[in-house]
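Report on the structure given below.
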There are 2 protein chains.
Amino acid sequence: MSSRPIPHSRIFVTGFARGLSVIEAFGAGHKSLSVADAAQRTGLDRAVVRRLLLTLAGLGYARIDGKQFELTGKVLRLGYSYLAASALDVTLQPYLAELSAEIGEAVSVSVLDGNDVVFVARSEQPGNRVAFVVSMGMRLPAYASASGRVLMSALADSEVSARLRGTRRDKRTPATVVGERELVKLVRQARSDGHAVSWEELEEGLVGIAVPLGNRGGTMVASLNTNTNAVRAQARQRVQRMLPRLKAMARRVAEVLP
Amino acid sequence: MSSRPIPHSRIFVTGFARGLSVIEAFGAGHKSLSVADAAQRTGLDRAVVRRLLLTLAGLGYARIDGKQFELTGKVLRLGYSYLAASALDVTLQPYLAELSAEIGEAVSVSVLDGNDVVFVARSEQPGNRVAFVVSMGMRLPAYASASGRVLMSALADSEVSARLRGTRRDKRTPATVVGERELVKLVRQARSDGHAVSWEELEEGLVGIAVPLGNRGGTMVASLNTNTNAVRAQARQRVQRMLPRLKAMARRVAEVLP
DNA sequence: CCCTTTTGTGCGCTCTGCGCTCAAATGAGC
DNA sequence: GCTCATTTGAGCGCAGAGCGCACAAAAGGG
């Protein structure tokens, strides 16, 4: 006679949904959780959480240490399913490497998840020539990053406003734009320019440059971005030199994206 | 009268386990799956898979496009739970940046998952000074990488043998060691040396260097690694110069790891 | 040492979700 | 365009999975 949150839609596997929420209950500052901790964080009954955690442990996604549960590296496979699936990572790597070498800065590819930009591929050019892929997972707030504005430019203005309204917008640096109307205008700008540049809005000294990555059909699937340093001399000219190269690469990549 | 794989252990949430296997059914070359595809790949009944996929979609982890399902960026949150939780990423970042600057090469931290080494943190030093974290997810075969050997050195020899036997060991370069006995010996070597070096075993021209990262209690929690180029002159001396710095940093880091 | 609070777990009952089934859609062949 | 074959979507009755109560066992607190 207690909780009846979902009226059993008959096509919804409650146990699965609850399990996923348990995985997400881990996170910053919650490396290990006891059954009771996890129950509190998810709002589920302790017995339920216990079964779910033991299931995770049984499958190797978690480890039991006394009464504390910890996720194992295996959970990365779940996220990896997405990355490997959206062949972005693998398909794009040679292009990213080439572009990175050309412009002398690390380049990356990101997609939109809610109000965050999520990085899914990256290539760096660290003086040393051994190409080494490390990708995935990092999140940035969409409103304050060039890539976020490019990605949001694929949405309708009303949707952009709605998302902005639903996000905490911190003034991360003095230059960060946080006003909803202003941001919508910047997204519109990105739409018509076919690129976005963010000057020290995310971090002092950091300039973000992003262009949309479309497929042959012309639908935007991701954003191609790079950064440069605002404090070095001639940052402006540098950005102006980089932009056409990013766009040229985006055009080439469009041919190979499904 | 069909499948009865698990006799209901009473603490195992089947729906959850099956759901996770559905997520993993996506992956390289399987960006989008129909209900039937996913059913075949997981070996589950179509009706079951359909419910699970619809559940994923309902929660925003998947998107429906006609009869094809696709994972969304939200699944990265699941893996991210692990990364954020194992504060490795955040805690280590300043140390990694310092080390990377000191030795002039990208450095990274990895953990063991089964037979793979998984990267969980990284810092690069790409000429530009803007520190930018991109981490997570990349996998390498443990047997052929320095970090893998260091990480396996925390296991008992018998366990190492067992894992090696259960892995396909390709000769990725002429230098790759693939013999089980030889590899066990190398792991033992890593254990007594407190480090491992892999000369062009993973990729031609690439030298991997790894040391264990322990916590105060002395239990190994990860591996700290870097790479250098085998073809540049004096690679050997360079490795000899880098090793003590890696070890010194590992000692410092041990103080801050839980 | 007793009492309070927190945590772990057994177990009966109900409601979930399984997987049979059939219907609808798709498409192949003529 | 019609028929047949095949694939996909859903309804529904039944059984047993898993819910959550309630008790037990630790873990403090005074």
Side-chain angles (χ1 to χ4, degrees), chain A residues 1-26 29-71 85, chain B residues 1-26 29-71 85:
Chain A
M1 227 117 312
S2 52
S3 62
R4 174 64 51 89
I6 301 148
H8 188 35
S9 67
R10 208 122 173 95
I11 53 156
F12 191 83
V13 183
T14 324
F16 184 26
R18 289 174 164 175
L20 293 174
S21 79
V22 167
I23 295 181
E24 289 201 8
F26 291 86
H30 300 276
K31 183 192 173 64
S32 71
L33 295 176
S34 69
V35 172
D37 295 339
Q40 193 179 13
R41 289 176 59 80
T42 54
L44 298 169
D45 188 274
R46 289 205 335 282
V48 174
V49 171
R50 178 171 170 265
R51 278 191 293 275
L52 292 170
L53 284 171
L54 288 170
T55 303
L56 279 174
L59 296 170
Y61 291 104
R63 187 184 326 115
I64 312 179
D65 181 23
K67 25 186 86 177
Q68 296 299 109
F69 287 79
E70 267 179 47
L71 295 179
Chain B
M1 227 121 308
S2 52
S3 61
R4 175 61 52 89
I6 301 145
H8 188 34
S9 67
R10 205 128 173 93
I11 52 156
F12 191 82
V13 183
T14 325
F16 184 27
R18 289 174 164 175
L20 293 174
S21 80
V22 167
I23 294 181
E24 288 201 8
F26 291 84
H30 300 276
K31 182 191 175 62
S32 71
L33 296 176
S34 69
V35 173
D37 295 340
Q40 192 180 13
R41 289 177 58 81
T42 54
L44 298 169
D45 188 273
R46 282 205 347 274
V48 175
V49 171
R50 179 172 169 264
R51 279 191 292 274
L52 292 169
L53 284 171
L54 288 171
T55 302
L56 280 174
L59 297 170
Y61 291 103
R63 188 184 325 116
I64 312 180
D65 182 23
K67 25 186 87 176
Q68 296 300 109
F69 287 79
E70 266 181 47
L71 295 179

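Sequence lines set the chain letters: A, B, ... in the order given, protein chains first and strands last, and positions in each chain run from 1.
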Under 4.0 Å protein heavy-atom contacts per nucleotide of nucleotides 8-13 of chain C, with B for base, S for backbone only and - for none: BB-BB-

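- Under the side-chain contact (heavy atoms from CB on, under 4.5 Å) criterion, B/Q40 pairs with no residue at all, not counting sequence neighbours.
- OP1 or OP2 of C/dG17 has not a single side-chain nitrogen or oxygen of B/T14 nearer than 4.0 Å.
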Test side chain to side chain contact (heavy atoms under 4.5 Å, CB included) applied to A/L33 and A/T42, step by step: CA-CA 11 Å; A/L33 295 176; A/T42 54; over 6 Å; no

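- Whole-Å rounding puts the B/F16 CZ to D/dC19 C1' distance at 17 Å.
- Of all heavy-atom pairs spanning A/A38 and A/L53, the tightest one is CB-CD1, 4.2 Å.
- Checked against side-chain hydrogen bond (donor to acceptor under 3.5 Å, both in side chains), A/S34 has the following partners two or more places apart in sequence or in another chain: A/D37.
- Here the P atom of nucleotide D/dG16 and the CZ atom of B/F12 are 18 Å apart, to the nearest Å.
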Residues A/L52, A/I23; criterion side chain to side chain contact (heavy atoms under 4.5 Å, CB included); working and verdict: CA-CA 9 Å; A/L52 292 170; A/I23 295 181; over 6 Å; no

For residues 43-50 of chain B, which side-chain N or O atoms pair as donor and acceptor with protein atoms under 3.5 Å away, sequence neighbours left out?
from	atom 1	to	atom 2	distance (Å)
B/D45	OD1	B/A47	N	2.8

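- Distance CG (A/L44) to C1' (D/dG20): 12 Å, rounded to an integer number of Å.
- Nearer to the 5' terminus of DNA chain D, by closest-nucleotide assignment, is the contact made by B/D37 (compared with the other of B/D37 and A/L52).
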Stepwise side chain to side chain contact (heavy atoms under 4.5 Å, CB included) test for B/F69 and B/L56: CA-CA 10 Å; B/F69 287 79; B/L56 280 174; over 6 Å; no

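- In this structure, CG of B/L33 is placed 12 Å from P of D/dT8, rounded to the nearest angstrom.
- Residue A/V48 has its side chain nearest to D/dG20 when only D/dG20, D/dG18, C/dC18 are considered.
- Across the helix from C/dC1-D/dG30 to C/dC30-D/dG1, the helix axis at one end is tilted relative to the axis at the other end by 40° (nearest 10 degrees, each axis from five pairs).
- The side-chain hydrogen bond (donor to acceptor under 3.5 Å, both in side chains) search around A/S21 returns none, not counting sequence neighbours.
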